[in-house]
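One structure is given below, encoded as structure tokens.
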Amino acid sequence: MKKLKINPFNEFWLNCDFNNDFSILISYKEKYRELAYLNCYKYEAYNEWSPKHITIENSSIIQGNIIREVIQKDNFILDYSKESINKIIDIVHDNNLLIRADLYNWLPNSSSWHIDHNYHYSLLIDFDKTKKEFIVIDDDNKGYGIKNIPYERFSECVKDEENNITGYIISINAGDEYELKLEDVAYYANTLLDNLKYFFEENDFWEVQTNEKGENLCKFYAFQLFKVENRHKANAHLVKCLYDKGYIDINTYSYLKKTFIDLQRDWERVKNILLKDYMHSYEMVTVNVDKLNSLKTQCIAKEMEIWKKIECLYYNN
């Protein structure tokens, strides 16, 4: 099979792995876009290493099985050298790659730029010989999309802790297609209702006065809520897909779409309060805990009503 032309999947953003996988899947077959919309996520309250806060994680056997079946990832390890960088150029001529990169000097508009030495896998799709730039699909503060990285900077960033260059060569296998069904949406709606009950009842999120990480915690919290905000953007696409397939009528669709758009804005408001605290507080990590928890409860209640409605639509048909 010839090299797949990959376009960024940027309708919404959950994490680099999710968006990389669906950039590949949807570039291979448009039909997999429906799989990206599936409401197979859950809320989590991380509190092992920091005060309790809210984030979401994608969790789907359906998605996971199809991704593993269709996208083949063959690991490679090269000793770091100029010859190895040139070998990467040869490989990417005929293949797409996932390359492990140090984000410290990777993308100028990213939150890690010249701040943190964090590693992740970037989707490497081409090399521009004229400009001597590698072309990747990655995310920065301007969004998830195509970025160009000069040869010298790329060479510096792909050197890992063991003095290697590591990554995966991507190839495509024929796999099961996916057709979005109300049955699947109702199943995950039921799962979400169990999950959301805890977050509706608990009101001790973001409760912290001072911490060794200082105000940076607020920035981290806001980043987690950015995922929640994006998931509701995905949910608006999900209900449009249900309407297009005839599972819901126009009135139900209009209600669901408006509610998910409202939820996206409501969570954005929570995120912005955290960012305001990050910018303006020094002794206090967050000064709006009661307000944040009150807004959280309103958001969770609104979302629970949506999934109850979708459950009723399925089981009453």
Side-chain angles (χ1 to χ4, degrees), residues 8-46 54-71 73 121 139 144 175-200 223-245 247-248 252-253 256-257 259-261 263-264 267 299-315 317:
F9 174 71
N10 52 16
E11 285 184 84
F12 59 91
W13 186 90
L14 291 184
N15 58 59
C16 54
D17 290 337
F18 179 94
N19 286 74
N20 285 344
D21 285 340
F22 277 97
S23 293
I24 297 167
L25 277 180
I26 295 168
S27 297
Y28 171 53
K29 284 188 179 178
E30 174 63 27
K31 190 67 176 174
Y32 287 120
R33 191 176 298 273
E34 296 180 11
L35 182 64
Y37 297 154
L38 191 60
N39 53 325
C40 50
Y41 63 96
K42 62 180 180 180
Y43 286 81
E44 291 188 349
Y46 286 130
I54 294 175
T55 187
I56 62 165
E57 292 293 334
N58 222 57
S59 177
S60 169
I61 293 174
I62 296 174
Q63 283 184 346
N65 285 346
I66 290 176
I67 288 168
R68 285 187 293 272
E69 185 178 5
V70 175
I71 304 174
K73 300 176 182 179
Y121 285 96
D139 56 277
Y144 180 82
D176 292 336
E177 294 195 8
Y178 179 75
E179 180 80 30
L180 184 72
K181 300 182 288 291
L182 185 59
E183 177 184 2
D184 290 342
V185 178
Y187 169 81
Y188 284 111
N190 180 266
T191 303
L192 273 163
L193 284 168
D194 288 340
N195 172 244
L196 287 165
K197 184 179 179 183
Y198 169 83
F199 292 89
F200 178 76
F223 174 72
Q224 300 306 313
L225 290 179
F226 180 66
K227 297 184 206 176
V228 179
E229 185 186 329
N230 269 265
R231 182 55 242 189
H232 290 305
K233 187 185 292 187
N235 288 336
H237 290 297
L238 171 69
V239 295
K240 174 64 163 60
C241 196
L242 291 177
Y243 171 67
D244 289 342
K245 290 175 177 294
Y247 289 123
I248 56 177
T252 302
Y253 165 61
L256 294 175
K257 179 184 177 183
T259 307
F260 278 129
I261 290 172
L263 273 170
Q264 182 187 338
W267 281 112
C299 288
I300 297 296
K302 194 179 292 187
E303 186 173 353
M304 289 174 78
E305 286 303 311
I306 291 176
W307 299 126
K308 286 175 185 175
K309 187 174 186 69
I310 286 178
E311 266 197 326
C312 289
L313 283 169
Y314 175 68
Y315 289 111
N317 283 342

**Request:** For the residue pair F22 and L35, establish whether any side-chain heavy-atom pair is separated by less than 4.5 Å.
**Result:** yes
**Prompt:** Which atom names give the shortest non-hydrogen contact between A36 and F12, and what distance separates them?
**Reply:** O-CZ, 3.5 Å
**Prompt:** From L225 CG over to N230 CG, what is the distance, rounded to the nearest 0.5 angstrom?
**Reply:** 11.5 Å
**Message:** Does Y187 have more than 12 heavy atoms from other residues, nucleotides or ligands lying within 6.0 Å of its OH?
**Reply:** no
**Asked** L263 and side chain to side chain contact (heavy atoms under 4.5 Å, CB included): which partner among I306, N235, I300?
**Response** I306
**Prompt:** Would you call K308 and E305 a salt bridge, using N to O less than 4.0 angstrom?
**Reply:** yes
**Request:** Please round to the nearest 0.5 Å and tell me the distance separating atom CG of D21 and atom CD1 of I66.
**Result:** 12.0 Å
**Asked** Taking the side chain as C-beta and beyond, is there a heavy-atom pair between L25 and I67 under 4.5 Å?
**Response** yes
**Message:** D17: which residues meet the salt bridge (Lys or Arg N to Asp or Glu O under 4.0 Å) condition with it, sequence neighbours left out?
**Reply:** none
**Point-to-point distance, once rounded to the nearest 0.5 Å, from CD1 of I56 to NZ of K42** = 12.0 Å
**Message:** Are the side chains of K227 and W13 in contact, using a 4.5 Å heavy-atom criterion?
**Reply:** yes
**Item:** Trace of the ring pair (Phe, Tyr, Trp, His ring centres under 6.0 Å) decision for Y144 with F18
**Value:** CA-CA 11 Å; Y144 180 82; F18 179 94; 9.8 Å; no
**Request:** Determine the minimum heavy-atom distance between N58 and C40, stating which atoms define it.
**Result:** OD1-O, 3.5 Å
**Asked** Okay, side chain of N195, backbone of T191: is any donor-acceptor separation there less than 3.5 Å?
**Response** no
**Message:** Can you list everything that forms a side chain to side chain donor-acceptor pair (under 3.5 Å) with Y37? Sequence neighbours excluded, please.
**Reply:** E11
**Item:** Atom pair CD/OH of E183 and Y188 - distance to nearest 0.5 Å
**Value:** 11.0 Å
**Request:** Answer yes or no: is there a side-chain heavy-atom contact under 4.5 Å between I54 and W267?
**Result:** yes
**Prompt:** Can you tell me how far CG of L238 sits from NZ of K257, rounded to the nearest 0.5 angstrom?
**Reply:** 13.5 Å
**Prompt:** With a 4.5 Å limit on heavy-atom distance, are the side chains of F200 and K197 in contact?
**Reply:** no
**Residues in salt bridge (Lys or Arg N to Asp or Glu O under 4.0 Å) contact with E69, at least two apart in sequence or another chain** = none
**Item:** Contacts of K181 that satisfy salt bridge (Lys or Arg N to Asp or Glu O under 4.0 Å) - sequence neighbours left out
**Value:** D184
**Prompt:** Do L242 and K245 touch side chain to side chain, with heavy atoms closer than 4.5 Å?
**Reply:** no
**Message:** One pair to check against side chain to side chain contact (heavy atoms under 4.5 Å, CB included): N65 and R68. What are the steps and the verdict?
**Reply:** CA-CA 5 Å; N65 285 346; R68 285 187 293 272; 2.8 Å; yes
**Request:** Go through the steps to decide whether Y247 and L180 satisfy the test side chain to side chain contact (heavy atoms under 4.5 Å, CB included), and finish with yes or no.
**Result:** CA-CA 10 Å; Y247 289 123; L180 184 72; 5.8 Å; no
**Residue pair A186 / E311: nearest heavy atoms and the distance that separates them** = O-CG, 4.2 Å
**Asked** Taking C-beta and beyond as the side chain, do K31 and Y178 meet within less than 4.5 Å on heavy atoms?
**Response** no
**Message:** Can you confirm whether the side chains of W307 and E303 place a donor and an acceptor under 3.5 Å from each other?
**Reply:** yes
**Request:** Give the minimum heavy-atom separation between Y32 and G175, together with the two atoms involved.
**Result:** OH-O, 3.7 Å
**Residues that E30 engages under salt bridge (Lys or Arg N to Asp or Glu O under 4.0 Å), provided they are two or more places apart** = R33
**Prompt:** Side-chain contact, heavy-atom cut-off 4.5 Å: E57 with Y46?
**Reply:** yes
**Message:** To the closest 0.5 Å, what do you measure between SG (C299) and CG (L196)?
**Reply:** 11.0 Å
**Item:** Side chain N39, main chain V185, donor-acceptor under 3.5 Å
**Value:** yes
**Residue list, ring-ring contact (aromatic ring centres under 6.0 Å, His included) with Y43, at least two apart or on another chain** = F199
